[in-house]
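Working notes, structure below.
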Number of protein chains: 2
Amino acid sequence: MTTLKELAKLLNISVSTVSKALNDSHEISENTKRRVNELAEKLNYKPNRIAQQLKNNKTKTIGVILPTVTNPFFAEVLHGIEKTATENDYDIIVCLSNESLDKEKRSLELLSNGSVDGFLITVARESQVKEKTDHIAEVLNTKIPVLMFDRVVNEISCDKVIVNDFQLVYDATQYLIKRERRKNILLVSNIEELSVGKLRIRGYRKALEEAGLESNILKLDNVKDVDKTIYEYLKGHPETDGIISIDHITGIIAINMAKNLNKAIPKDLSVIGFGYEHTNLLSSPKISIVHQNAYNIGEMSVKLLIDNLTNENHELQTIVVPSELKLSESTQ
Amino acid sequence: MTTLKELAKLLNISVSTVSKALNDSHEISENTKRRVNELAEKLNYKPNRIAQQLKNNKTKTIGVILPTVTNPFFAEVLHGIEKTATENDYDIIVCLSNESLDKEKRSLELLSNGSVDGFLITVARESQVKEKTDHIAEVLNTKIPVLMFDRVVNEISCDKVIVNDFQLVYDATQYLIKRERRKNILLVSNIEELSVGKLRIRGYRKALEEAGLESNILKLDNVKDVDKTIYEYLKGHPETDGIISIDHITGIIAINMAKNLNKAIPKDLSVIGFGYEHTNLLSSPKISIVHQNAYNIGEMSVKLLIDNLTNENHELQTIVVPSELKLSESTQ
DNA sequence: TTGTATGCGTTATCAT
DNA sequence: ATGATAACGCATACAA
């Protein structure tokens with residue numbers, strides 16, 4: 001890599017002159033600027049980013065800690081994060097916790113050595129279930145800003161970007177009750193022990209209670225044959241006329257199983273799931289989904305974190321990113 | 001952040017003594033080491049990574065440039081990359097080209113300033129279609145190692161990690177011909193203009209030619225209503241008794257459409273697609289897939305790049321990661 | 001065993 | 001208009 005020193009030597013001028021010339025300082029003559037810029041161009045000079053980071057004590061880099069990227073929700077969040085970070089001249093260093101507390105902790109510790117200016121994090125499943133989040137609080141103690149999105153820890157005070165999980169499922173359930181006159185609505189889930197899962201289940205329960213209906217929940221986390229389990233449930237409960245899935249996968253499976261049982265969708269059974277950009281391509285009839293606008297979650301998270309990093313008067317806040325109910329063929 | 005200087009001042013010793021003590025140098029007395037380590041522990045000292053990077057002229061960071069992460073194939077590759085990088089004490093900076101030549105170019109240029117030690121890249125669709133890859137060659141000119149995976153550019157000489165696309169589809173097609181006695185095998189695809197798509201189509205053609213059968217290809221890239229297009233094709237060609245999908249989505253749609261036409265799967269129609277970890281959960285009957293072992297692609301890529309970065313005698317090579325045909329319910 | 005000096009590449013301050 | 005020097009934090013060759 002070409003350095004200032006090399007340019008200076010070749011031009012027989014000092015390093016500081018070269019530096020100033022490249023930064024278009026008024027102290028430098030037009031002639032010198034021209035000579036310097038020409039040579040810099042020719043040798044493809046680029047200021048060494050690491051040296052700048054050391055000098056400025058800023059990395060312009062954000063640490064992003066995600067449970068996984070195989071889940072399309074987080075994939076789309078990451079898309080939003082990357083795009084917005086790039087637009088604001090930030091790089092992102094990505095770590096995947098794989099839902100492990102230990103990996104999450106190590107990643108945070110490793111990057112808390114000046115590698116990044118701040119963190120975006122979704123707490124790992126294990127950390128959340130075991131309620132161990134001291135490692136996150138410790139990062140905040142070292143004055144490195146942290147923003148939590150999606151899954152959050154109430155006890156920790158920091159910026160947060162979330163979805164209105166409770167309201168969303170409440171609304172979706174109410175839609176099935178009031179608009180589609182469904183009486184026996186099943187909730188299927190493989191995320192029941194996550195904070196967001198609990199909130200969604202509460203929304204479902206509230207809507208049913210208000211309507212005087214009974215709630216039925218099929219918990220599928222750690223279940224091996226998800227398809228068979230749903231099939232057997234539907235077979236044993238033929239009265240089921242509505243399904244709310246609170247994740248992005250069990251709703252599609254439920255549609256397939258219902259079809260195998262010769263249930264007409266949406267005539268006999270309405271289905272609403274959670275989903276992302278192309279989710280509804282995957283089922284026939286196309287599944288109606290709660291679209292969480294994952295991209296926007298990523299976008300808002302980056303913007304809020306950068307505000308924290310750059311704005312003296314930044315105030316901690318919690319942003320709720322609006323979601324939308326995207327009705328398709330699996331509802332009437 | 002605590003620095004060596006601060007520790008030195010507090011202990012009334014020199015910076016270099018502190019540095020050596022922390023690095024467990026034999027030059028330093030046990031007593032001093034103890035004092036230093038205790039204070040370092042107490043103040044939660046961590047060596048500033050940026051300063052180390054500048055000193056060593058190494059970042060221990062890999063730049064990863066992906067077209068997207070919403071595609072589960074790349075998501076799983078990224079998983080393999082992250083895990084393997086972490087195990088080898090490397091960070092990853094992730095950039096998403098979004099299939100755009102321009103974004104890919106800018107990302108490469110931005111990180112070619114000392115930010116990373118090397119690159120892992122899958123060429124963007126636009127770059128590949130327009131055959132513009134000078135920006136990648138330029139990075140190599142600056143002596144920063146680049147490794148291409150999945151989609152590769154033949155004209156550029158560098159490490160490569162690929163899948164045996166030709167052979168895979170050849171084998172899958174032959175399976176339908178020889179084992180399942182299929183005569184009218186359709187290929188569906190939404191990636192026909194990518195290098196990997198072309199290779200896969202060639203494998204399909206070869207197998208059919210050898211068997212004296214006719215090839216039929218349904219190209220779906222840029223098609224709006226993929227489901228309807230497949231439906232209409234199958235309706236107009238009821239003789240179709242086998243389908244090869246060369247991407248991870250059109251195979252599932254084909255199964256759904258065939259069922260809508262009351263075709264029995266796999267009795268009337270066998271289907272093989274491409275897919276990843278949980279792909280087969282999404283269809284009923286479960287789809288048979290070519291599993292590309294995306295995770296391994298990521299893993300091998302990192303290992304090969306690190307060898308290039310650290311091994312004096314590294315020789316450029318192309319690794320073919322073996323895939324497997326995972327038969328499930330959509331074949332007999 | 002400990003300390004001093006130097007340099008990584010850049011930029012800001014202070015001479016000349 | 002140009003140059004010398006110092007500093008960011010760390011590591012190491014070299015003195016003492």
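Chain naming here is simple, since letters A, B, ... match the order of the sequence lines and numbering starts at 1 in each.
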Taking any heavy-atom pair under 4.0 Å as a contact, classify [X]: base, sugar-phosphate, or nothing.
{"X": "Lys20(B)", "answer": "base"}
{"X": "Thr3(A)", "answer": "sugar-phosphate"}
{"X": "Ser29(B)", "answer": "sugar-phosphate"}
{"X": "Val15(A)", "answer": "base"}
{"X": "Ser16(B)", "answer": "base"}

Tell me the bend of the helix from dT1(C)-dA16(D) to dT16(C)-dA1(D) as the angle between end helix axes, each from five pairs, rounded to the nearest 10 degrees.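 Its terminal axes enclose an angle near 60°.
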Tell me, please, which residues at least two apart from [X] pass side chain to side chain donor-acceptor pair (under 3.5 Å).
{"X": "Ser97(A)", "answer": "none"}
{"X": "Asn37(B)", "answer": "none"}
{"X": "Thr70(A)", "answer": "Thr68(A)"}
{"X": "Lys60(A)", "answer": "none"}

How would you list, by chain and number, every residue that makes a salt bridge (Lys or Arg N to Asp or Glu O under 4.0 Å) with Lys20(A), sequence neighbours excluded?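 Checked Lys20(A) against salt bridge (Lys or Arg N to Asp or Glu O under 4.0 Å); matches are Glu27(A).
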Just wondering, do Thr133(B) and Glu155(B) contact through their side chains at under 4.5 Å, heavy atoms?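 Contact flag for Glu155(B)/Thr133(B) side chains = no.
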Between Glu82(B) and Val94(B), is any pair of side-chain heavy atoms under 4.5 Å apart?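 Of all side-chain heavy-atom pairs linking Val94(B) with Glu82(B), none is under 4.5 Å.
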Considering only heavy atoms of chain A and a distance under 4.0 Å, specify the first and last nucleotide of DNA chain D in 5' to 3' order that meet this criterion.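 The contacted stretch runs from dA1(D) to dG9(D).
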If the test is side-chain contact (heavy atoms from CB on, under 4.5 Å), which one of Asn48(A), Val15(A), Thr17(A) qualifies with Leu4(A)?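 Option passing the side-chain contact (heavy atoms from CB on, under 4.5 Å) with Leu4(A): Val15(A).
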Closest-nucleotide ordering on DNA chain C, the 5'-leading residue of Thr17(B) and Thr2(A):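 Of the two residues, Thr17(B) wins.
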Not counting sequence neighbours, list each pair that qualifies as a salt bridge (charged side-chain N to carboxylate O under 4.0 Å, His left out) and has a residue in residues 305-318 of chain B.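 Residue pairs with at least one partner in residues 305-318 of chain B: there are none.
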Among residues 42-62 of chain A, which contact DNA chain C at a heavy-atom distance under 4.0 Å?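 Contacting residues: Tyr45(A), Lys46(A), Pro47(A), Asn48(A), Ala51(A), Gln52(A), Lys55(A).
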Do Asp117(A) and Ile62(A) pass the side chain to side chain contact (heavy atoms under 4.5 Å, CB included) test, and can you show the C-alpha distance, the side-chain angles, and the key distance before you say yes or no? CA-CA 6 Å; Asp117(A) 293 343; Ile62(A) 296 171; 6.0 Å; no
Taking only distance into account, with no hydrogens and no angle test, what donor-acceptor pairs under 3.5 Å do side-chain atoms of residues 71-80 of chain B form with protein atoms, sequence neighbours excluded?
unit_1   : atom_1 : unit_2    : atom_2 : d
Asn71(B) : OD1    : Phe73(B)  : N      : 2.7
Glu76(B) : OE1    : Glu277(B) : N      : 3.4
His79(B) : NE2    : Asn98(A)  : ND2    : 3.0

With a 4.0 angstrom cut-off to heavy atoms of chain A, pull out the first and last contacting nucleotide of DNA chain C, in 5'-to-3' order.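 Using the under 4.0 Å cut-off, the span is dC8(C) to dC14(C).
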Do the side chain of Asn293(A) and the main chain of Pro322(A) share a donor and acceptor less than 3.5 angstrom apart?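 Indeed, once roles are kept as given, a pair shorter than 3.5 Å links the two residues.
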Applying side-chain hydrogen bond (donor to acceptor under 3.5 Å, both in side chains), which residue pairs with at least one partner in residues 138-154 of chain B are found, sequence neighbours left out?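 The answer is Glu99(B)-Arg151(B).
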